[in-house]
Amino acid sequence: MAQDHPPIEFARHIQPILDTYCVRCHANGVAKGNFSIESRERMLASKGVVVPGDAEASRLIHLVRGDDPLAVMPAEGERLSDADIALLAMWIDQGAAWEKGVSVRRDSAPASIKPRRPTLPPPSPEVTHPIDRIIARHAAERGATLAPVIADPAFIRRVSLDLVGLLPTPDAVQAFIRDADPAKRASFVRRLLEDDRAVADHWISFWNDLLCNDYAGTGYIDGGRTQITAWLHEALASNLPYDRFVAELVNPSSSESAGFANGITWRGEVSASQITALQYARNVSQVFLGVNMKCASCHDSFIDRWTLADAYGLAAIVAEGPLEMSRCDIPTGEFARARFLFPEIGDVDPNAPTPERMRQFARLMTHAENGRLARTIVNRLWSRLMGRGIVEPVDEMANEPWCADLLDFLAVDLVDHGYDLRHAMFTIATSLAYQRETAAADESGRRSNGFVFRGPSPQRMTAEQFVDALWSFSGGGPSSVEAPIASMPLRGRWIWSFAAASRDLPKPGEAIDIRAALELTAAAARARVVVTCDNQYALWVNEIAFGGDAEWWTVETIDITHALRHGANEIRIEARNLGDAPNPAALFLEGIVELEGGAIVEVASDATWEWRPTHSQAAVGVHRAHWQPAHDVVEQGFLGPEVNSMIASSVAALRADPAAFARASLANADALMRSLGRPNREHVVTTRPADLSTLQALDFTNGGMMHAQMEQGAHRLLDECAGDGDRIVDRAFALLLSRPPSASERTLVLEFLGSSPTTEAVADAMWAMFMLPEFQMVR
Amino acid sequence: VSWVSQRLIQPTGSRREFLRAASAAALAGAAAGSWSRSPRAQSVAPSAVNRPRATADTMILLWMAGGMASTETFDPKRYEPFEVGLPAERILSTFPSIETALDGLRISQGLERIAGVMHRATLIRSAVVPDLGNILHSRHQYHWHTGYVPPQTVAAPHMGAWFSKVRGRGNDAIPAFIDIGQRLEGVGEQEELKAFHTGGFFGSEHGPFLLPHPDRAAQSVRPPEGMTPGRFESRRQFYKRLLELDPRLKGATDEQRASITRSLEEAHRLLSSPAGRAFDLSLEPKHIFDEYDTGRFGLGCLLARRLAEVGARFIEVTTEYVPFEHWDTHENGHTTAARMKQVIDRPVARLILDLEERGLLDRTLVVLASEFSRDMLTEGAPGSTAKDQSRAPAEVMQEMIHYGLHRHFTQHGSVLLFGGGFRRGYVHGETADERPVVVTRDPVPLIDLHATIYSAMGIAPDTTFEVERRPFYVTEDGKGRVIDALFA
C-alpha cells in the first residue's frame, strides 16, 4: 500500500518534522531514553523504535500517535498533526531512507565559543563600512534587495532615540540638515556618544532590565536586595570597558556593585532552585553568555544540553559552603562541584576558597578565548539598534545566527577596541545597514536562521523614551531624581538662624528670611536650583515668587531662569519651622546658573548667607531686624539617607547638564511607565513587549496623567508661538516628528485648531500627534 | 436588561473558540503545505490549551486580604469570651457560633446575612497552603493568585490573566481581568503587590484593569476628566484623519504599527460602549447601593455584580491588603474581626442573591478566600520556628488588645464557593476541635483548589504555555487535581 504513494523524501518531508518535534531531546548530544536521531544508524540502534518497512511494528508511530496515553511523544509541548504522523508512517513503510549527508544535528557538538575572525568581503567604492560589506554579500547570496537609506530628518530622530533616548531638538535637526559635510552622520553619532550623561541616563534602563536593578521593587522591603544604581550609572557614564564591567558584576569588589551577584533574598523559605547562588548561576549565564539555565537549575534540561550539575557548578562558584544539589526541590545527597560552563577554555578550582573561585570565574568570563561574552553583548546591541538580533532569541546564543560573519566580526571588533561598547554602537550606527528604511520581517520565523536582512526591523519607543518625550514636550517632568545615581559631595550646607545643637533646637513656628546675593556677569541662559527645607519654605528670586513646599521629605528642582538678570540678584527664602515643640530645622539649596556664552555659576546655601526674622514676626512699630550671618546646622545629615540621596541625585542631574530634566529612566516606575512596558525588575528582562496593548491605549486615551501633560504642553506651545496656528503646526511637527508638516497635514491641523487656537484644541491636536505610529516608532 | 440578553444571544467565548479553531486549522494547513516549522517561535506559544466543559463563564474572587481567621468566620470552634486572666492557650474562637440556612452548619457570629445563604454554598474547611517559613503576606498572596511561590524564574501570570488569555473577554467592551479595591501606590509592600498584579509573561494585554476606588470606577471608562463627549469624539475624528495622511500606513504595514491603531480603536470602543455604564455605581437604585455600601469592599461587590451582568470574565474584589490593617490582625484581633465581618456580611450575601435573582449564579462562580488563616498561639504551622509577629503577645488576657488571633496559620483555611456549577449546601473537609486546629479530613491543597476553579472556568489544570522554550502550566507542573466532590 505504501507503494501507492509518491516516495517520501527525507530532507523535504521528514527532517522538518524531526527538527520540530524530536531534536530537542534526541539529537545535539541529547539522547533521552537512550534514543537518538542524529543519524540513521543511531536511530536504528534502538531496537524496535523504527522498523524499516513496517510502520505498525515501529514503536515511534505508536508513541507519536498517543496509542498509550501514558507514553506519548513529544513528552512536552505540541503533538504531531495527523498529516505528520501519516508521513512518518509512509516513510518507515517505504524503508526509512535517509539521504547521505543530511543530518538533523544542527551543529557538530556545541558550537565553539572561541572567537572567530571572519574574512571581510573586499570593499567597493559604494560599500566601505565592514558591516555593509558583510551585509552586501549576505543580501547578494540570497537575491535580496536592501531597503533605501533614510533622509537626514529620519536619521537624526532614529539615532538620537537609539543612542541617548531623546528626540532631537528642532534646532539640532535644522543644523544637521544644513550641515554640508558628507561625514556629518558619523560626526553626529560621535557627538551623541560623547555625551556621557545622556548615554548613561538612556542605557541604564537597558542594564536595569538585564541586571534586575531598580530603585524600588520586591525584596528591598526587608533588606533582601541592594541596588547597584550608583555604580552602574558611573560605569556607563565613564564607558567602563565591558570586560571590566562584567568582571565587577560577577566578582564584585564592593557593596556598590554586589547587588547583581547577590540576587534577591525573599523573606521566608524558598524552593531549592531559588537560592541566591542559583539565581547567580541563572542570571550570569543568561545575561552575559546567552545561556538559559532556568530549566537546568531544577533538573537536567529537556530542551538543551545543560544539566543540573552545570547549573549547580556555576552556583557552587559563589556558594559560601558545600552546596547540596536538589532535583525538582528534592535533595539528591550529592554536592555540587564548582565548574565553568565551557571547560575548553579553562576551569575554576573547586577546592579554592570562594573569593578565589570568583576571581577565577571572572577571568574565564573575560578570557580572550571566551568569544561568547562578546558575541552575546554585540548581539544585544544589534538587537536594540536594529530591532532584531543576529541570533534570536537574544538569550539563546547557541542558536544559529542569520549571518555568522556579521556576529563574529562585531564580536572581535569589540575586543580589538578594548571592549568599548560605545565603539560597537558607533560601528553599528554608522553603517548603512542601520540607516536603511525598516523592512517588516516575517516574524513567524523569528527563531529560524532563515532571516534575510533588508533593513532594520520596526521598533516602538520604550516606556522611558515615550515618557521623556512627553515630559520634555510639556515641561512637566518630575522635579527630582529618584535613582541614587551619585554620591559626590554637595557644595550646599544645611543652614538655619543658629547652629541648632540637640540641646538647643529651633522653636516651633520660628519663621526666618534667608538670603544670598548673586552677581552675574551676563544674562542667564538657564538656571535651576535644588531646594528643600525642614519644614516649609517659599522661594523668591528678585522678588519674583517661585512657590515652595511644606514637605521636608521631598526635594524640588526649580527653574529660576526668567527671574535672573545681568548684574546683582537676590535669592530669598522664607523658611518656617513647624511642630508643637522645639525640633530640628534647616534649609538646603544648591543650583547652577548657565550664563549666555556658556560660563557656569554655582549657588549653594552656606554660612555666607544671611537671615533675619520674617516681617510678620517683628513687633509692630519696631524696626526690621538686621540681617545676620546664617549658621551651618550641627547635624548636617539629620533628615536621613533618603532625602540626602534625593538631593545628591538632583544636584548631580543639574551639574551634568543644567538644561536636562530628570529622566524617566531615573524615576521610579509610575502607572503609565508600567503600563507602557517598563517591567518589574525581579527577573532578568532582555526583550520588552513590542505591541501596544488595549490597556496601554486606554491609559493614553483617558489617563489623567496623559491628559494633564497634554494641557500643560499646549499652554507652553501657545506661549512659544504667541497663539499663531501656523507656528504651532511647524513647532509641533519639528518637536515631535523632527520634520515639517506636509501641505495636507498643515491644512488639516490648522482647520482643527481654528483661527484662534484654544489650549484645548492644541492639547487635542498634540494628543493625536503623540498617538501617531510615526511618533511612537523609533524606526 | 439589554446587556444580559446580548450576553445570552452571543454565548461568551464562542466567537473566540471559533477563531482559535479556525486559526489552528489554518496553521495546520500551512504547515502541511509548506513544511514550515510549527509556530513555536512566538515568545508565548500555547503548547496545549485543553478545554474541559466550563460550568462557569465569569468568576468573582472575594479576597479577604491579610489572612482571615477561619475560626472567627466559617469554621468556629469553642468560644471563650473575653475576661481578664483568660489564658491565651484556651482561645480558639472569640465569637460564638450561629445557625445557618444549611441544617447542621454553624458559622461565626457577625455573619448572619451570609448564614442566610449558606444552603447555596460549597464550604471548604480544609484548604491548606504551604508554610513558607517567616511570613510575608504578599508572598502568600502571590502564591494564591498565580499558583507559584515567589520568587520564580519567569513572571507568573495572575489567575485573572489566565482567564483573559485562555478564555478572553466575555464582552468586547469590558476588560477581561478587573481588579477592584487594591491600591498599588502608597501602601506597604506595594512593590510585592505589584509583582503579582500583572499579566506576567502573557503581557499587559492580559494584565489587570485596576479600579482601586469602586465609587470612581465610572471615570476610568470615560473620557478624561474635564473633556466633554463632543470634544472627545472630535479629537478622535481628527486623529483618524491625521492618520490617513501617514504615508507609512498605506499598503503593507508591520504588526507593531498596526497594534497602535488597533489598540487605540479598542480603547475607544471601550470608552464609548454602552456597557461602560456598568462601571457607574450612581446608576444603581439608592436602596441597593446603600445595602452594599459598607465601604470600598461593599461597593466593590456591587460593581462586581454590575460587571458580571455585562460579561466580565474575572473580577477580584478585595478588602484590600494594607499591612496590619483589616484582616491582618496583629493585635486587637477580636474587635477588628467583628468590624471586618460587618464589612463583608451584607454585601457578600446581597451579591449572591442578586446574581441568583438575575439568573446569573449558575454561570458565575463566586469564591471567597484568603492567603491563610490565623491562630492565637501558633505562628505559621505547628513546630514552625518562624518569627512570631504578634504585636500584642500575652499569656493571659489583660486588655482587649490581647484578645484575638494574632498569628498567621497555614494549616487550615476556609474557602467559600457559590454558583458556577458547584454543589449547593455542601461542606467539604474538617478540622480538629482543639489546637492545633489542623485539617483532619479531605485536605485541599491550593494546587487542587486551583485545578478545580480553573476546570470550572473551562481550563484544564495541565493547560500549558511555552515561555522561553519551557512549559509553564496553569497549575504547577500540570499536577493540580480537580476535586469532583465539589461539583453539583
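By convention in this document, chain letters (A, B, ...) are assigned in the order of the sequence lines, proteins followed by strands, and residues within each chain are numbered from 1.
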Task: Residue pairs fulfilling ring-ring contact (aromatic ring centres under 6.0 Å, His included) with at least one residue in residues 216-241 of chain B, sequence neighbours excluded - done: A/Phe752-B/Phe238, A/Trp767-B/Tyr239, B/Phe232-B/His268

- [ ] Test B/Glu225 against A/His707 for side-chain contact (heavy atoms from CB on, under 4.5 Å), laying out the working first.
- [x] CA-CA 8 Å; B/Glu225 222 150 358; A/His707 187 55; 5.9 Å; no

TODO: For the residue pair B/Pro224 and A/Asn702, establish whether any side-chain heavy-atom pair is separated by less than 4.5 Å.
DONE: yes

Open item on the list: Quick check for you: among A/Ala697, A/Ser297, A/Ala763, which has the greatest number of heavy-atom pairs under 4.5 Å with chain B?
Closed with: A/Ala697

TODO: Go through A/Asn292, A/Asp699, A/Asp214 and name the one with the most non-hydrogen pairs under 4.5 angstrom from chain B.
DONE: A/Asn292

TODO: Name the member of B/Pro223, B/Ala386, B/Pro150, B/Ser138 that forms the most heavy-atom pairs with chain A at distances under 4.5 Å.
DONE: B/Pro150

Task: Value rounded to 0.5 Å, distance of CD in B/Gln152 from NZ in A/Lys294 - done: 10.5 Å

Open item on the list: Quick check: closest heavy atoms across A/Glu745 and B/Leu242, and the distance to 0.1 Å?
Closed with: CG-CD1, 4.5 Å

Open item on the list: Quick check on the interface: out of B/Leu132, B/Val221, B/Asp131, who has the most heavy-atom pairs with chain A under 4.5 Å?
Closed with: B/Leu132

TODO: Specify which of A/Asn680, A/Thr694, A/Asp395 makes the most heavy-atom pairs with chain B at under 4.5 Å.
DONE: A/Thr694

Task: Most chain B-contacting option - heavy-atom pairs closer than 4.5 Å, from A/Ala669, A/Pro689, A/Gly217 - done: A/Gly217

- [ ] Give the member of B/Val149, B/Ile135, B/Leu270, B/Leu193 that has the highest number of heavy-atom pairs under 4.5 Å with chain A.
- [x] B/Ile135

- [ ] Heavy-atom distances under 4.5 Å only: say whether A/Ser675 touches chain B with side chain, backbone, both or neither.
- [x] backbone

TODO: Pick whichever of B/Gly188, B/Ser263, B/Ser234 has the most heavy-atom pairs under 4.5 Å with chain A.
DONE: B/Ser263

Open item on the list: Check this for me: does any side-chain nitrogen of one of B/Glu185 and A/Arg674 sit under 4.0 Å from a carboxylate oxygen of the other?
Closed with: yes

Open item on the list: A side-chain contact here means heavy atoms from C-beta on lying under 4.5 Å apart; do B/Arg139 and A/Val270 qualify?
Closed with: yes

Open item on the list: I need the residue from B/Gly133, B/Pro151, B/Gly203, B/Gly199 with the largest number of non-hydrogen atom pairs under 4.5 Å to chain A.
Closed with: B/Pro151

TODO: Could you tell me which portion of A/Ser271 (side chain, backbone, both or neither) has an atom closer than 4.5 angstrom to a non-hydrogen atom of chain B?
DONE: neither

Open item on the list: Please identify, among A/Arg460, A/Gln696, A/Glu760, the residue contributing the most non-hydrogen atom pairs under 4.5 Å to chain B.
Closed with: A/Glu760

Task: Side chain / backbone / both / neither for A/Val685 at chain B, heavy atoms under 4.5 Å - done: neither

Task: Side chain, backbone, both or neither of A/Ala708 within contact of chain B (heavy atoms, under 4.5 Å) - done: neither

Task: Structural part of A/Arg282 lying under 4.5 Å from a heavy atom of chain B - done: side chain

Task: Donor-acceptor contact below 3.5 Å, side chain A/Glu269 vs main chain B/Asn134 - done: no

Task: Verdict with supporting geometry, B/Glu189 and A/Ile221, side-chain contact (heavy atoms from CB on, under 4.5 Å) - done: CA-CA 7 Å; B/Glu189 288 173 55; A/Ile221 187 171; 3.3 Å; yes

Open item on the list: If the condition is ring pair (Phe, Tyr, Trp, His ring centres under 6.0 Å), which residues does A/Phe700 pass it with, not counting sequence neighbours?
Closed with: A/Phe466

TODO: Find the one option among A/Gly268, A/Cys295, A/Gly219 whose heavy-atom pairs under 4.5 Å with chain B are most numerous.
DONE: A/Gly268

Task: Straight-line distance of B/Leu264 CG to A/Gln776 CD, nearest 0.5 Å - done: 7.0 Å

Task: Proximity breakdown for A/Met769 and chain B, heavy-atom pairs closer than 4.5 Å - done: both

TODO: Could you look at A/Asp691 and say if it's the side chain, the backbone, both or neither that has a heavy atom under 4.5 Å from chain B?
DONE: both

Task: Electrostatic pair B/Arg241:A/Glu751 at N-O distance under 4.0 angstrom - done: yes

TODO: Please state whether the side chain, the backbone, both or neither of A/Met771 comes within less than 4.5 Å of a heavy atom of chain B.
DONE: both

Open item on the list: I'd like to know if the side chain of B/Ser259 reaches the main chain of A/Leu692, judged simply by a donor and an acceptor atom lying under 3.5 Å from each other, with no hydrogens or angles considered.
Closed with: yes

TODO: Look at the side chain of A/Thr701 and the backbone N and O of B/Ala267, then say whether any donor-acceptor pair between them is shorter than 3.5 Å.
DONE: no

